Amino acid sequence: MLKQKRICCLVVLILCLVFLLLTTGCARKTIPPGETLTGQTGRLIAEQAREAPSSGVKQEEPVRKAPLIESSPRTPTATVASSPAPPPAVPPPQPIREEVIREAPVRPEKIVLKKLYFEFDKYNLSTEAREILREHAQRLLKLPDFALVIEGHCDERGTNEYNLALGERRAVEAMKYLVALGVNEKKIRTVSYGEELPADPGSSEEAWAKNRRAEFNLTVK
């Protein structure tokens, strides 16, 4: 019988503790704004408010809503996201200047061919002279366009008139041989300088042999 009484007391004690815990939980509820705390509930909540800082539990603060401000129809509201920075200004393209490319004028190239030499007071061609003229003809026939000037020269012996005529015969004789080999006669011109332009100004057999000559001035166009 005594044992049953102890069990009943223990059950009653447990029930009291549960009721006390439930009452305490209800007392911790947030009181709506505008209502007052009275009686034992007010005292319990006040005691809990004093004990809250010492318990180390951080109470959550109520979220404050920012008041809504109606934007004016004329003033646009600021957006939350910042607008991207404008791209850097690109300079306008510069106009392309057209430069006229002017080709340098092609100057005719002057080519000096081998000279011919003659005997004293002669204008006929030697075997060596004919061989040189064959080489000249082969070269001239390969050129698309050219101009050839054959100059006749003499030594200082004889009169000026005689030497001019002799120089002309030497130049003409060389031209005839080139034409016979197929060179265009219209591209050849002859001139005589007589004794006016000596290759060697000396007065010896060696100098005179150098002056009795025919020179070729070739211009390639």
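Here, residue 1 is the first one in the sequence, and each next residue gets the next number. Since this is a predicted model, take the numbers as computed values, not measurements.
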Checklist line | Greater than 12 external heavy atoms within 6.0 Å of Phe146's CZ | finding: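 More than 12 within 6.0 Å, yes.
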Check: What do you reckon, is CD of Glu135 surrounded by more than 12 foreign heavy atoms closer than 6.0 Å?
Finding: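 Atom CD in Glu135 is packed in, count exceeds 12.
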Verify the cluster assignment for [X] and [Y]: are they in a single hydrophobic cluster under the rule of side-chain heavy atoms below 4.5 Å apart?
{"X": "Val172", "Y": "Val191", "answer": "no"}
{"X": "Leu143", "Y": "Tyr177", "answer": "yes"}
{"X": "Val149", "Y": "Leu197", "answer": "yes"}

Minimal non-hydrogen separation, [X] against [Y], with atom names:
{"X": "Phe120", "Y": "Arg212", "result": "N-NE, 3.4 Å"}
{"X": "Ser203", "Y": "Ala207", "result": "N-CB, 4.4 Å"}
{"X": "Phe118", "Y": "Tyr123", "result": "CE2-O, 3.5 Å"}
{"X": "Trp208", "Y": "Gly202", "result": "NE1-O, 4.0 Å"}
{"X": "Gly152", "Y": "Ala171", "result": "N-CB, 4.0 Å"}
{"X": "Cys154", "Y": "Gly167", "result": "SG-N, 3.5 Å"}

Margin query: So does Leu164 get a backbone contact from the side chain of Ser192, meaning a donor-acceptor N/O pair under 3.5 Å?
Written below: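 Between the backbone of Leu164 and the side chain of Ser192 there is a qualifying donor-acceptor contact (under 3.5 Å).
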Notebook entry, point to check: Taking Arg213 for the side chain and Asn211 for the main chain, is one N or O donor matched with an acceptor at less than 3.5 Å?
Noted result: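 Flag set: sc Arg213 to bb Asn211 pair under 3.5 Å.
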Answer yes or no: is there a side-chain heavy-atom contact under 4.5 Å between [X] and [Y]?
{"X": "Val183", "Y": "Leu148", "result": "no"}
{"X": "Tyr162", "Y": "Asp121", "result": "yes"}
{"X": "Leu125", "Y": "Glu173", "result": "yes"}

Note to self: Can you tell me which residue among Glu195, Glu156, His153 is in a side-chain hydrogen bond (donor to acceptor under 3.5 Å, both in side chains) with Asn163?
What the structure shows: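 Answer after filtering Glu195, Glu156, His153: Glu195.
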Item checked: Listed partners of Lys187 passing side chain to side chain donor-acceptor pair (under 3.5 Å), at least two apart ->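 Once residues adjacent in sequence are excluded, the partners of Lys187 under the side chain to side chain donor-acceptor pair (under 3.5 Å) criterion are Asp145.
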How long is the span from the [atom1] atom in [X] to the [atom2] atom in [Y], to the nearest 0.5 Å?
{"X": "Leu218", "Y": "His136", "atom1": "CG", "atom2": "NE2", "value": "9.5 Å"}
{"X": "Leu116", "Y": "Leu133", "atom1": "CG", "atom2": "CG", "value": "4.5 Å"}
{"X": "Asp200", "Y": "Asp155", "atom1": "CG", "atom2": "CG", "value": "11.5 Å"}
{"X": "Ile150", "Y": "Arg189", "atom1": "CD1", "atom2": "CZ", "value": "10.5 Å"}
{"X": "Ile132", "Y": "Lys115", "atom1": "CD1", "atom2": "NZ", "value": "11.5 Å"}

Notebook entry, point to check: Can we say Glu131 and Arg134 salt-bridge, meaning some charged N sits less than 4.0 Å from an Asp/Glu carboxylate O?
Noted result: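 The answer is yes: the pair qualifies as a salt bridge.
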Item checked: side chain to side chain contact (heavy atoms under 4.5 Å, CB included) assessment of Ile188 paired with Leu140 -> CA-CA 11 Å; Ile188 303 175; Leu140 295 173; 5.6 Å; no
Check: Between the side chains of Glu151 and Asn217, does any donor sit under 3.5 Å from an acceptor?
Finding: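 Result is yes, a qualifying pair exists.
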